[in-house]
Amino acid sequence: MNNFAYQKAADTSDALHKVAQGTASSFIAGGTNLIDLWKYNLVHPENLIDINGLRDYKSINKTEDGGLLLGALVTNSATAYNEHIVEKYPLLSKAILAGASAQIRNSATNGGNLLQKTRCYYFYDAASPCNKREPGTGCPAKEGLNRMHAIVGYSEDCIAVFPSDMCVALAALEAVVNVNGPEGERKIPFEDFHRLPGNTPHIDNNLAKNELITSISLPKEGFAENYSYLKLRDRNSYAFALVSVATGIKLKDGKIEKIRIVLGGIAHKPWRVTEAEDFLIDKEANVDNFMAAAEIILKGAKGFGDNDFKIDLAKRAIVRNGMMALNPESQRPGAQPSL
Ligand SMILES: Cc1cc2nc3c(=O)[nH]c(=O)nc-3n(C[C@H](O)[C@H](O)[C@H](O)COP(=O)(O)OP(=O)(O)OC[C@H]3O[C@@H](n4cnc5c(N)ncnc54)[C@H](O)[C@@H]3O)c2cc1C
């Protein structure tokens, strides 16, 4: 049994002070990932800082620039059903509700969702080598079971994917992560928050040691008229994405004025290729153009055997989701996309 200290933080400075005590400190929010990792013997916190008492992090507020500020401790459920999110950022609501289960979403927080670990089988098996868990031990997934693994952005050292649904939508919305830490406050654009594995796959993101996520800023543009989140998985609920796509479109005179396409389940971070979005500007939103954009997005994609199917699946998902975004009503259960 591992002994650990448990402390409740009263406010931000108290949390930052407490987490700086000792080397094996960890914040805990909803606990839906951290406790699992602990039970699997993958993390060993000695100093647990409960941040659930930080009231300032528990609200969703409109901002002066027409955007929204999501508190880090608002639960995934409360975020998905918040009236402003439903009205202005339905893409985010849909992505959150595609993830986990109702019970988990009721506990899981927005900050914790950004920091959840990969679901690579080898990472979760403490008896197996894994460069992400223990740098230098190897990556058995490359020649092992890799159905759920990366097809783009991977490295020699790691082919794990980042499993979040919420973050795929946040990347499409160009959210900003607000943090506070030993060096003070700073803002991290969403595309810079998560990292590719390179030769440091044990570092998932650019949050510095002992930094606290305080909130997430959403810009004014929510793509509320033309959006879609498509999640393809082995079971229709309670399963992580094999491939997911978040698409937000602004149309003008029948042509694409602005578009965001971000994929989940295929890389170590939400996968966005701006070259494909640029290609679509001033073009008609149709199957041929979405397929051409999909070819750009998946350029250089490579599977490892079990996951080869993801390349074609991802292309088709981009096209299907683009067409569904033209008619968000098509996303209701039972409705057919207008392909
Ligand atoms: C069975 C199961 C199925 C799931 N399915 C899906 C799915 O389909 N899609 C999906 O997207 N997710 C899924 N999840 C993941 C779930 O969304 C995450 O576990 C959850 O969002 C994590 O939030 P939490 O508040 O519980 O984080 P915790 O477990 O409390 O913390 C996770 C990590 O974040 C750190 N942390 C938490 N908050 C902060 C903060 N404010 N600042 C700094 N560090 C912080 C903790 O120290 C810890 O390292 C699933 C989880 C489970 C258990």
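Small disclaimer: the values here were computed from a predicted structure and weren't measured. Every number for a ligand or one of its atoms is a count from 1 in the order of the listing.
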What residue and atom, counting heavy atoms only, is the protein's closest point to atom 17 (O) of ligand 1, and at what distance?
-> Asn113 ND2, 3.6 Å
Where's the contact between Glu211 and ligand 1, heavy-atom distance under 4.0 Å: side chain, backbone, both or neither?
-> backbone
shortest atom 42 (N) of ligand 1-to-protein heavy-atom contact is with Ile213 N, 2.9 Å
Identity and separation of the nearest protein heavy atom to atom 7 (C) of ligand 1 | Ala100 N, 3.1 Å
N/O of Gly99 under 3.5 Å from N/O of ligand 1, yes or no?
-> no
Thr75-Asn106 side chain donor-acceptor pair, cut-off 3.5 Å = no
What atoms of ligand 1 come within less than 4.0 Å of a heavy atom belonging to Asn33?
-> 19 (O), 29 (O)
Give a yes or no on whether Ile261 and Val168 share a hydrophobic cluster (residues Ile, Leu, Val, Met, Phe, Trp, Tyr; joining criterion: side-chain heavy atoms under 4.5 Å apart).
-> no
Going by the angle between their ring planes, with limits at 30° and 60°, are His149 and Tyr122 parallel, tilted or perpendicular?
-> tilted
Arg195-Thr200 side chain donor-acceptor pair, cut-off 3.5 Å | yes
Taking non-hydrogen atoms only, is Tyr238 closer than 4.0 angstrom to ligand 1 via side chain, backbone, both or neither?
-> side chain
Got an N/O contact under 3.5 Å between Gly31 and ligand 1?
-> yes
State the atoms of ligand 1, each with its element, that fall below the 4.0 Å cut-off from a heavy-atom position in Ser164.
-> 11 (O)
Compare Thr32, Ile35, Leu37 and give the one whose heavy atom is closest to atom 18 (C) of ligand 1.
-> Thr32
Would you say Ile51 has any N or O atom under 3.5 Å from an N or O of ligand 1, going by distance alone?
-> no
Rounded to the nearest 0.5 Å, what's the gap from CG on Leu115 to CG on Asn33? Could you check?
-> 9.0 Å
With heavy atoms and a 4.0 Å threshold, my read on which part of Ala241 contacts ligand 1 is neither
Considering the heavy atoms of Leu34, write down every atom of ligand 1 situated less than 4.0 Å from one of them.
-> 29 (O)
Starting at NZ of Lys302, measure out to CG of Asp308 and round the result to the nearest 0.5 Å.
-> 8.0 Å
Decide whether the shortest distance between a heavy atom of Ala239 and an atom of ligand 1 is less than 4.0 Å.
-> yes
Hey, does Ala98 come in under 3.5 Å of ligand 1, counting only N/O atoms on both sides?
-> no
Is a side-chain donor-acceptor pair under 3.5 Å present for Asn289 with Lys283?
-> no
Is any NZ, NE, NH1 or NH2 atom of the basic residue among Lys231 and Asp165 found under 4.0 Å from an Asp or Glu carboxylate oxygen of the other?
-> yes
Any ion pair linking Glu211 and Arg186 (charged N to carboxylate O, less than 4.0 Å)?
-> yes
How close does the nearest protein non-hydrogen atom get to atom 27 (O) of ligand 1, and which residue and atom is it?
-> Gly112 CA, 3.5 Å
Can you check side-chain contact (heavy atoms from CB on, under 4.5 Å) on Lys220 and Lys88, steps first, answer last?
-> CA-CA 9 Å; Lys220 192 172 173 187; Lys88 241 187 118 178; 4.0 Å; yes
Which atoms of ligand 1 are found less than 4.0 Å from any heavy atom of Arg119?
-> 51 (C), 52 (C)
Result for side-chain contact (heavy atoms from CB on, under 4.5 Å) between Phe162 and one of Arg119, His194, Lys117 points to His194
Geometric N/O contact Leu115 with ligand 1, under 3.5 angstrom = no
Taking atom types as modelled, is there a side-chain donor on Asp50 or Asn52 under 3.5 Å from an acceptor on the other?
-> yes
Which atoms of ligand 1 are found less than 4.0 Å from any heavy atom of Gly30?
-> 24 (P), 25 (O), 26 (O), 30 (O)
Pick one of side chain, backbone, both or neither for how Asn76 approaches ligand 1, counting any non-hydrogen atom pair under 4.0 Å.
-> side chain
Close N or O approach (Asp36, ligand 1; < 3.5 Å) | no
Between Asp192 and Asn206, is any side-chain donor less than 3.5 angstrom from a side-chain acceptor?
-> no
Nearest to atom 4 (C) of ligand 1, what protein heavy atom do you find, and at what distance?
-> Phe240 CZ, 3.3 Å
Determine whether the side chains of Tyr57 and Thr214 contain a donor N or O and an acceptor N or O closer than 3.5 Å.
-> no
Which is it for Ile104 and ligand 1 at heavy atoms under 4.0 Å: side chain, backbone, both or neither?
-> side chain
Please state which part of Gln103 comes within less than 4.0 Å of ligand 1, counting heavy atoms only: side chain, backbone, both or neither.
-> neither
Within a distance under 4.0 Å of any heavy atom of Ser26, pick out the atoms of ligand 1 and give their elements.
-> 47 (O)
Contact atoms of ligand 1, heavy-atom distance to Phe27 under 4.0 Å = 43 (C), 44 (N), 46 (C), 47 (O)
So, is Lys231 polar-close to ligand 1, with some N/O to N/O distance under 3.5 Å?
-> yes
Distance to 0.1 Å, residue and atom name: give those for the protein heavy atom nearest to atom 15 (C) of ligand 1.
-> Gln116 OE1, 3.3 Å
Can you find an N or O of Asp165 that's nearer than 3.5 Å to an N or O of ligand 1?
-> yes
Are Leu251 and Phe290 joined in one hydrophobic group, where the rule is that I, L, V, M, F, W and Y side chains link up if heavy atoms are under 4.5 Å apart?
-> yes
Fellow cluster residues of Leu37, listed by chain then number, with links counted only when side-chain atoms sit under 4.5 Å apart = Phe4, Tyr6, Ile28, Leu34, Ile35, Trp38, Tyr40, Leu42, Val43, Leu48, Phe123, Tyr124
A student checking ligand 1 against Thr109 at a 4.0 Å heavy-atom cut-off should list atoms 21 (O), 23 (O), 24 (P), 25 (O)
Looking at Phe223 versus Tyr89, is the centre-to-centre ring distance below 6.0 Å?
-> no
